[in-house]
Amino acid sequence: MEKRLPDLNTLIRLSQQGLTDEQIGSRYGTTGQAVNKALTLGGYYRRQVSKTVITELIPWDVLTTQEKGSHHNTYLAKQLRAYLRAALGDETVKDTHLTAAARFEKKIRREGLVVTYDRDREGGFALEPRKPEDGALIVRWPKDRPLPEGAHLSAITLADE
């Protein structure tokens, strides 16, 4: 039997009623991922925040492969992306990702850490002790790359507690 989603307007209405993608998918015998894809393709979910995070706020050429050894899906990479999406106000961030983002921020504050990246290191990403030149940035920003401005700079900067 073919799994079918309702029309886009119905999906939007259910989402606006507070149902998660997974709950909507369950109603129609499909996955939350299928619902998310339909809402994204229909223009309801914006991909803009995610693309901005990848291209501007993670300042390194991250190793991405289809095979083992890819860095973009390491635990630390996922935490960093969740933190940045939350900092930019992405309303599509799941509660579990918000929790991971809060844990990530608490850890880097408490332990005085900053995210670094080395393409040749296993996993690529690492947490290292903060240096004075890092300031309040959550990542060790490359010296040869200009800092972003406005909300994007705020997203990579720890706010005063």
Practice problem: With side chain to side chain contact (heavy atoms under 4.5 Å, CB included) as the test, would you mind laying out the steps for Leu158 and Arg130 before giving the verdict? | Solution: CA-CA 12 Å; Leu158 292 171; Arg130 183 174 298 280; 3.6 Å; yes
Quiz item: Would Phe104 and Val115 count as a side chain to side chain contact (heavy atoms under 4.5 Å, CB included) if you check the C-alpha gap in whole Å, the side-chain angles of each, and the deciding distance to 0.1 Å?
Solution: CA-CA 10 Å; Phe104 169 78; Val115 178; 3.6 Å; yes
Quiz item: Do Leu39 and Leu8 pass the side chain to side chain contact (heavy atoms under 4.5 Å, CB included) test, and can you show the C-alpha distance, the side-chain angles, and the key distance before you say yes or no?
Solution: CA-CA 7 Å; Leu39 288 167; Leu8 181 61; 4.0 Å; yes
Quiz item: Passes side chain to side chain contact (heavy atoms under 4.5 Å, CB included), Leu80 versus Tyr117? Steps please.
Solution: CA-CA 12 Å; Leu80 177 59; Tyr117 182 76; over 6 Å; no
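Between Phe125 and Trp60, the angle of the ring planes goes over 60°, which puts this pair in the perpendicular group of the 30/60° scheme.
For Leu84 against Ala155, the heavy-atom pair with the smallest separation is CD2-O, 3.6 Å. Scanning all heavy atoms of the two residues, the minimum distance from Leu57 to Trp141 falls at O-CZ3, 3.9 Å. Between Arg119 and His71, the shortest heavy-atom distance links the atoms O-CE1, 3.1 Å. Closest non-hydrogen pair, Leu19 versus Gln23, comes out as CA-OE1, 3.3 Å. The heavy-atom pair separating Ala101 from Ala86 by the smallest distance is CB-CB, 4.4 Å. Closest approach of Ala77 to His72, counting heavy atoms only: CB-O, 3.5 Å.
With rounding to the nearest 0.5 Å, the separation of CD in Glu111 from NZ in Lys106 is 11.0 Å. To the nearest 0.5 Å, the span separating CG on Asp21 from CG on Asn36 amounts to 4.5 Å. In this structure, OG1 in Thr99 is found 13.0 Å from NZ in Lys94, a value given to the nearest 0.5 Å. Rounding to the nearest 0.5 Å gives a distance of 10.5 Å between CD1 of Ile58 and CD1 of Ile156. In this structure, CD1 on Ile108 lies 9.5 Å from CD on Gln79, to the nearest 0.5 angstrom. Expressed to the nearest 0.5 Å, how far CZ of Arg81 lies from CG of Asn73 amounts to 5.5 Å.
Hydrophobic clustering (side-chain heavy atoms under 4.5 Å, transitive across Ile, Leu, Val, Met, Phe, Trp, Tyr) groups Leu147 together with Tyr83.
No donor-acceptor distance shorter than 3.5 angstrom exists from the side chain of Arg140 to the backbone of Val114, with no hydrogens or angles considered. A donor-acceptor distance shorter than 3.5 angstrom exists from the side chain of Asp7 to the backbone of Thr10, with no hydrogens or angles considered.
Put simply, the side chain of Leu137 reaches to within 4.5 Å of the side chain of Leu153, judged on heavy atoms. Residues Leu88 and His152 have side chains in contact (heavy-atom distance under 4.5 Å, counting atoms from C-beta outward).
Atom CD of Glu122 has 12 or fewer neighbouring heavy atoms from other residues, nucleotides or ligands inside a 6.0 Å radius. Atom CD of Gln17 has more than 12 neighbouring heavy atoms from other residues, nucleotides or ligands inside a 6.0 Å radius. In the displayed structure, Glu22 atom CD is contacted under 6.0 Å by more than 12 heavy atoms of other residues, nucleotides or ligands.
A side-chain contact (heavy atoms from CB on, under 4.5 Å) with Val35 is found for one member of Leu5, Leu14, Thr20 and no other, namely Leu5.
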